[in-house]
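To keep things clear, I will list the structure first and then write my remarks on it.
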Amino acid sequence: MRVRVSRLVVFLWRDGQLVCDDPLRHRQIALTVEAERLLRDYADWAEPTGRLAQQLLAAHVLVAEGSSEHAQEERLAAWRDLGPAATYYHLASRTLGRDVFRSAAEDAAVLRAKTTQPDPVKEYEGPRTALPRTDPPAVDFTRVLDARRSTRWFDPETPVPLSAFAALLRWTAGVRREVDVAGVGTALMKTVPSGGSRHPVEVYPVIRDVAGVEPGVYHYSVRRHELVRLADASGEDRLREWCGGQPHAAQAGFLLMYAAVLDRTVWKYPAARAYRALLLDVGHLSQTVYLTATALGLGTFFTAATRDEPVEDTLGLSWSEEIFLGVSGVGVPHPAERDRQAAMLDGGEAAFSFPPDAWHGRGE
Ligand SMILES: Cc1cc2nc3c(=O)[nH]c(=O)nc-3n(C[C@H](O)[C@H](O)[C@H](O)COP(=O)(O)O)c2cc1C
């Protein structure tokens, strides 16, 4: 029998010791200097010699050739493309059969014992613009679901009406109600669900062309339904650059930049898995933006293909506290695109939305 170092374990330096983390089994073992040295002999298949090698095999730091673990390592093609960071995060945050989940009452007791909760909203200092309290029109829900598309062909000359912009923010990110949870604190209620009702996602509208609003970078105050101006307008080149070079990002009337405040969610869920909740929260918000924009007659797309660092710099975010996670671009669809989507809804030819000069997935 030959053995080699497992392809799944990760070595971490913790408190002056090298630790082998087995994310599949959620086990960590500290390695002695001898074990650390011995592992170098098993970078590739070799006969296990001595007790230490047997111990490392039993601890799943080494795997045996032909074993079920070896077979599993051979089936990791997709994970090899995702890379070691994704594999490790997925396994380390994947729950096991033996894991214990707290009841809501136990959760509340733990939270009551903690110091005060992080603020559920963020308020910036700066020039404020009150937004009109408009609602989306009453529409046929089924038709909205069916009409939802990712729009990448906007009318770059037509501003987004202020009423539609305000209604979109109010009915997606705006606070609908607030609940006082006894001894725990305030929880917001929105049209969007959020893990633990923590609503960690802040929305930063970057306005290119919205009627009556000076172009620029803003924060949306979810309680007050106001914009707070943070920075001057960013040119179209930068909007495109922020969205991985996608031309439609520079033609949308505005971009909604989503960033999650770590504290808010981690306060309730202090575990690696909470990172998944942050990503999922953005997905739920984006989908609500998709549907609300559709109801308002606007076009939208979501992108996670973003250049995070320059966006953080512009918004003044530090990834150690608030992480930028994605963008919804919203605008008035180009009239030809609007007609095309309407025709598709009524049985016309199906195609994804791209301007005529762009690749649109049909090989033309
Ligand atoms: C997680 C995620 C990432 C996406 N990234 C992009 C993107 O970078 N650029 C883009 O134009 N659309 C993006 N989209 C939209 C998809 O391309 C779109 O949903 C898909 O092509 C199906 O088209 P439909 O939304 O019109 O049904 C993304 C959607 C999701 C959910």
Side-chain angles (χ1 to χ4, degrees), residues 116-134 159-176 178 186 188 190-192 194 198-243 249-250 252-265 278 281-282 285-286 289 292-293 306-331:
T116 48
Q117 69 163 14
D119 207 329
V121 301
K122 215 171 165 184
E123 287 297 346
Y124 280 86
E125 296 293 324
R128 305 185 81 91
T129 307
L131 294 171
R133 295 193 169 265
T134 42
V160 174
L162 178 60
S163 58
F165 171 73
L168 182 80
L169 283 174
R170 186 164 176 238
W171 283 86
T172 56
V175 176
R176 304 293 303 158
E178 297 200 26
T186 304
L188 307 181
K190 301 188 180 187
T191 57
V192 174
S194 169
R198 304 307 306 138
H199 292 286
V201 181
E202 294 289 325
V203 177
Y204 297 87
V206 175
I207 294 182
R208 190 187 69 84
D209 199 7
V210 173
V213 184
E214 183 79 10
V217 179
Y218 293 84
H219 174 252
Y220 176 58
S221 166
V222 293
R223 258 194 188 133
R224 296 163 68 165
H225 189 50
E226 290 174 351
L227 292 180
V228 181
R229 192 174 172 84
L230 302 182
D232 286 344
S234 300
E236 291 182 359
D237 286 351
R238 296 197 70 204
L239 305 185
R240 196 181 303 112
E241 181 201 318
W242 287 347
C243 295
F254 61 95
L255 302 178
L256 299 178
M257 324 299 277
Y258 303 130
V261 177
L262 295 177
D263 253 11
R264 254 179 241 165
T265 294
L278 302 176
D281 268 32
V282 167
L285 175 54
S286 157
V289 166
T292 311
T306 52
R307 287 204 169 84
D308 303 341
E309 198 178 24
V311 172
E312 291 164 2
D313 289 346
T314 302
L315 300 180
L317 305 180
S318 160
W319 64 264
S320 54
E321 285 148 24
E322 188 172 344
I323 54 173
F324 169 56
L325 290 173
V327 174
S328 289
V330 187

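All heavy atoms count here, side chains included; hydrogens, waters and symmetry mates do not.
The shortest distance between side-chain heavy atoms of Val210 and Pro159 does not fall below 4.5 Å. Contact check for Arg128 versus Ser221: side-chain heavy atoms found under the 4.5 Å cut-off. Proximity of Arg238 to Arg307: side-chain heavy atoms (C-beta onward) are nowhere separated by under 4.5 Å. Looking at His199 and Thr265, their side chains never come closer than 4.5 Å, going by heavy atoms from C-beta outward. Here the side chains of Arg229 and His219 are not in contact, with every heavy-atom distance at 4.5 Å or above. Looking at heavy atoms from C-beta onward, Met257 lies out of side-chain contact with Val203 at the 4.5 angstrom threshold. A 4.5 Å side-chain heavy-atom check between Val217 and Thr314 finds at least one atom pair inside the cut-off. Side-chain contact between Asp209 and Phe254 is absent, with no heavy-atom pair separated by less than 4.5 Å.
Applying the side chain to side chain contact (heavy atoms under 4.5 Å, CB included) test between Leu278 and each of Leu325, Val261, Val201 identifies Leu325 as the sole match.
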Stepwise, does the side chain to side chain contact (heavy atoms under 4.5 Å, CB included) test hold for Val330 with Leu168?
-> CA-CA 10 Å; Val330 187; Leu168 182 80; 4.1 Å; yes
Please step through side chain to side chain contact (heavy atoms under 4.5 Å, CB included) for the pair Val228 and Tyr218, ending with a clear verdict.
-> CA-CA 5 Å; Val228 181; Tyr218 293 84; 6.0 Å; no
Verify side chain to side chain donor-acceptor pair (under 3.5 Å) between Tyr258 and Ser286, making sure each step is shown before the conclusion.
-> CA-CA 9 Å; Tyr258 303 130; Ser286 157; 5.4 Å; no
Yes or no on side chain to side chain contact (heavy atoms under 4.5 Å, CB included) for Trp242 and Ser234, after CA distance, side-chain angles and deciding distance?
-> CA-CA 10 Å; Trp242 287 347; Ser234 300; 3.4 Å; yes
Evaluate the side chain to side chain donor-acceptor pair (under 3.5 Å) criterion for residues Glu226 and Thr129: first the C-alpha distance (whole Å), next the side-chain angles of each, then the deciding distance (0.1 Å), finally the verdict.
-> CA-CA 5 Å; Glu226 290 174 351; Thr129 307; over 6 Å; no
Evaluate side chain to side chain contact (heavy atoms under 4.5 Å, CB included) for Val311 paired with Tyr204, printing each intermediate quantity in order.
-> CA-CA 10 Å; Val311 172; Tyr204 297 87; over 6 Å; no
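Here the CD1 atom belonging to Ile207 is positioned 5.0 Å from the CG atom belonging to Leu227, to the nearest 0.5 angstrom. Summarising the geometry, atom CG belonging to Leu255 is positioned 5.0 Å from atom SG belonging to Cys243; distances are rounded to the nearest 0.5 Å. From Gln117, atom CD reaches atom CZ of Arg198 across 5.0 Å, with rounding to the nearest 0.5 Å. Note that CD1 of Ile323 and CG of Leu262 are 5.0 Å apart. Values are rounded to the nearest 0.5 Å. Going from atom CG of Leu285 over to atom CG of Leu256 covers 8.0 Å, rounded to the nearest 0.5 Å. The distance from the CD atom of Glu241 to the CG atom of Leu239 is 9.5 Å, given to the nearest 0.5 Å.
A donor-acceptor pair under 3.5 Å is absent between the side-chain atoms of Lys190 and the main chain of Gly174, judged by distance alone. Remark: the backbone N or O of Asp308 is not paired with any side-chain donor or acceptor of Thr306 at under 3.5 angstrom.
Of all non-hydrogen atoms in Ala211 and Leu162, the two that sit nearest each other are O-CB, 3.4 Å. Across Val160 and Gly253, no two heavy atoms sit closer than the pair CG2-CA, 3.9 Å. Nearest heavy atom pair, residue Pro200 against residue Ser194, reads CD-OG, 3.5 Å. For the residue pair Pro118 and Asp263, the shortest heavy atom distance occurs at CG-O, 3.5 Å. Residue Glu178 comes nearest to Thr186 through the heavy atom pair OE1-CG2, 3.2 Å, listed as atom of the first residue, atom of the second, then distance.
Salt bridge annotation for Glu236-Arg208: present, with a cationic side-chain nitrogen under 4.0 angstrom from a carboxylate oxygen. For the pair Glu202 and Arg264, the salt-bridge criterion is met [side-chain N within less than 4.0 Å of a carboxylate O]. With salt bridges taken as basic N to acidic carboxylate O contacts below 4.0 Å, none links Arg223 and Glu123.
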